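Note sheet for the following structure.
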Amino acid sequence: RAGSPVKLSARFSIGMAAHGNAATTRKALDDLFSSAVGDFDLILVDDLSGDETLEVYREARKWHANTRVFSFDANLEYCHSVNAFLSHARGDLLLFLSNDIFVNPSYLRQLLKAAAAHPNCGILRGCSNFVDNSSPLHNIPVEGFATRQAYLDFAASIALQHRAGKPVDER
């Protein structure tokens with residue numbers, strides 16, 4: 001079950017922002033498409049990347065039919081990417097990802113479980129694979145994995161380890 005994709009309906013809108021780093025963006029999208037199936041709304045926002053990120057986003061429309069791509073003609077920074085997602089999302093449930101979050105099925109299941117358990121919580125987020133603030137709440141150290149299944153098993157073990165945990169208010 002750890003590797004089984006999560007079925008997401010059109011009730012879900014997933015957004016991803018990027019400013020460069022096309023290789024990481026492609027990996028993040030590959031992992032998303034391996035982890036989530038269904039007709040969820042996907043919004044990809046390119047913040048004037050200087051590399052092939054916009055092309056990666058345009059290719060994603062071939063992988064997921066319900067994908068829309070937005071690109072800025074100036075670098076507007078992260079909060080404008082979030083605002084673009086929020087302004088155009090069609091779903092009732094929204095998940096915003098940066099291009100450095102490598103989603104796996106366990107990650108999605110835990111977020112959905114937390115959202116269901118805390119319906120009055122406005123925003124939930126998970127851990128990234130690497131964030132430059134070094135916060136242990138934002139980063140989970142990972143090692144190299146020989147296979148995708150080893151990675152999925154690791155993700156499932158992290159989810160199991162934290163299954164009884166409560167969301168942390170970071171205000």
Side-chain angles (χ1 to χ4, degrees), residues 2-91 93-112 123-134 138-152 154-155 158:
S4 301
V6 176
K7 176 110 169 122
L8 299 177
S9 70
R11 280 190 68 212
F12 291 88
S13 287
I14 298 176
M16 182 181 289
H19 174 71
N21 206 342
T24 299
T25 303
R26 182 179 302 279
K27 166 91 171 105
L29 284 169
D30 287 346
D31 284 354
L32 174 62
F33 295 140
S34 295
S35 301
V37 296
D39 60 350
F40 60 92
D41 178 34
L42 180 61
I43 298 173
L44 305 174
V45 182
D46 178 59
D47 193 14
L48 193 66
S49 296
D51 62 4
E52 304 82 36
T53 298
L54 183 56
E55 288 76 31
V56 169
Y57 276 172
R58 288 178 176 148
E59 286 176 29
R61 291 186 291 208
K62 297 175 190 171
W63 308 327
H64 184 74
N66 198 13
T67 299
R68 292 175 288 150
V69 176
F70 296 89
S71 62
F72 299 146
D73 55 8
N75 181 266
L76 299 178
E77 303 297 332
Y78 188 76
C79 65
H80 288 280
S81 295
V82 174
N83 287 340
F85 169 61
L86 294 174
S87 297
H88 295 281
R90 296 176 179 152
L93 301 168
L94 311 179
L95 173 59
F96 188 78
L97 304 169
S98 296
N99 66 332
D100 63 355
I101 296 179
F102 304 141
V103 170
N104 58 69
S106 296
Y107 176 97
L108 290 176
R109 285 188 185 93
Q110 284 301 107
L111 279 178
L112 293 173
I123 299 172
L124 291 170
R125 71 174 301 279
C127 294
S128 178
N129 296 88
F130 50 91
V131 175
D132 58 8
N133 68 4
S134 301
H138 292 199
N139 293 273
I140 292 181
V142 295
E143 51 194 71
F145 300 100
T147 65
R148 176 155 175 78
Q149 189 58 51
Y151 165 69
L152 294 172
F154 170 78
I158 294 294

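Just the heavy atoms: all of them, side chains too, but no hydrogens, waters or symmetry mates, feed the values below. Predicted model, so just to flag it, every value in this text is computed and none were measured.
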Is the distance between the ring centroids of [X] and [Y] under 6.0 Å?
X	Y	result
Phe70	His88	yes
Tyr78	His19	no
Phe145	Tyr151	yes

Backbone N/O of [Y] and side chain of [X]: donor-acceptor pair under 3.5 Å:
X	Y	result
Ser98	Ile101	no
Ser13	Arg90	yes
Asp39	Ala10	yes
Thr67	His64	yes

Could you pull out the closest heavy-atom pair between [X] and [Y], with the gap in Å?
X	Y	result
Pro5	Ala36	CB-N, 4.3 Å
Val45	Ser81	CG1-OG, 3.7 Å
Ala17	Tyr57	C-OH, 3.4 Å
Gly38	Lys7	CA-NZ, 4.0 Å
Asn75	Leu48	N-CD2, 3.6 Å

So do [Y] and [X] actually touch side chain to side chain, heavy atoms under 4.5 Å?
X	Y	result
Val56	Leu29	yes
Ser35	Arg109	no
Leu8	Val6	yes

Checklist entry - Hey, mind stepping through Leu42 and Leu32 against side-chain contact (heavy atoms from CB on, under 4.5 Å) and telling me if it holds? => result CA-CA 10 Å; Leu42 180 61; Leu32 174 62; 3.9 Å; yes
Item to check | Arg26 and Glu59 ion-paired at < 4.0 Å | outcome: yes
Item to check | Under-4.0 Å salt bridge between Asp41 and Arg11 | outcome: no
Item to check | Asp31 versus Ser34, side-chain donor and acceptor atoms under 3.5 Å | outcome: no
Checklist outcome for this item: Partner of Thr25 under side-chain hydrogen bond (donor to acceptor under 3.5 Å, both in side chains), picked from Asn99, Asp30, Asp51, is Asn99
Checklist outcome for this item: When rounded to the nearest 0.5 Å, the distance separating OG1 of Thr53 from CG of Asp47 is 10.5 Å
Checklist entry - Between Phe96 and Phe85, what is the ring plane arrangement, given parallel below 30°, perpendicular above 60°, and tilted in between? => result tilted
